[in-house]
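Computed from a predicted model, the values in this text were never measured in an experiment.
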Amino acid sequence: MATQYTGQQHHHAPKSGAAGNVFSIIAMVLGVIGFLFLPIVFALGGLVMAIIAKTVRHERLATIAIVVSVIGLVGGMLLGYLVNT
């Protein structure tokens with residue numbers, strides 16, 4: 001029995017919610033962790049992930065993740081400086 005092609009294509013719905021913002025959410029978590037522990041490692045890693053989320057994956061929360069990561073990086077360095085002086 002032959003299958004007839006009808007020309008219809010099935011398009012999947014775009015991902016929405018948290019499933020489409022995985023890199024951004026991880027970047028925000030790293031930014032917050034970087035505020036308290038090793039900002040050069042965690043917040044900088046979060047910033048890199050946020051930039052990837054913005055440029056490559058076009059995630060909606062990427063801009064917020066960039067801001068959180070930058071605040072974690074700068075704030076974590078300032079906090080480390082204040083604690084060690």
Measure the [atom1]-[atom2] distance between [X] and [Y] for me, rounded to the nearest 0.5 Å.
X	Y	atom1	atom2	value
Leu78	Leu73	CG	CG	9.5 Å
Leu61	Lys54	CG	NZ	10.5 Å
Phe35	Leu79	CZ	CG	5.5 Å
Ile33	Phe37	CD1	CZ	8.5 Å
Met28	Ile64	CE	CD1	6.0 Å

Between [X] and [Y], is there shared hydrophobic-cluster membership here, with clusters defined by ILVMFWY side-chain heavy atoms closer than 4.5 Å?
X	Y	answer
Leu30	Val70	no
Val74	Leu36	no
Val67	Val32	no
Leu44	Val56	no
Ile51	Phe42	no

For [X] versus [Y], what's the shortest heavy-atom pair and its separation?
X	Y	result
Phe23	Ala53	CB-CB, 3.7 Å
Gly46	Ser69	C-OG, 3.3 Å
Gly72	Pro39	O-CB, 3.9 Å

Legend entry - Whether Glu59 side chain and Ser24 backbone form a donor-acceptor pair below 3.5 Å: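 Judged by distance alone, yes, a pair lies under 3.5 Å.
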Legend entry - Heavy-atom neighbours of Arg60 CZ exceed 12 at 6.0 Å: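 Atom CZ in Arg60 is not crowded, with 12 or fewer foreign heavy atoms closer than 6.0 Å.
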Legend entry - Within-4.5 Å side-chain heavy-atom neighbours: Met77 and Ile40: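 With C-beta onward as the side chain, the pair touches.
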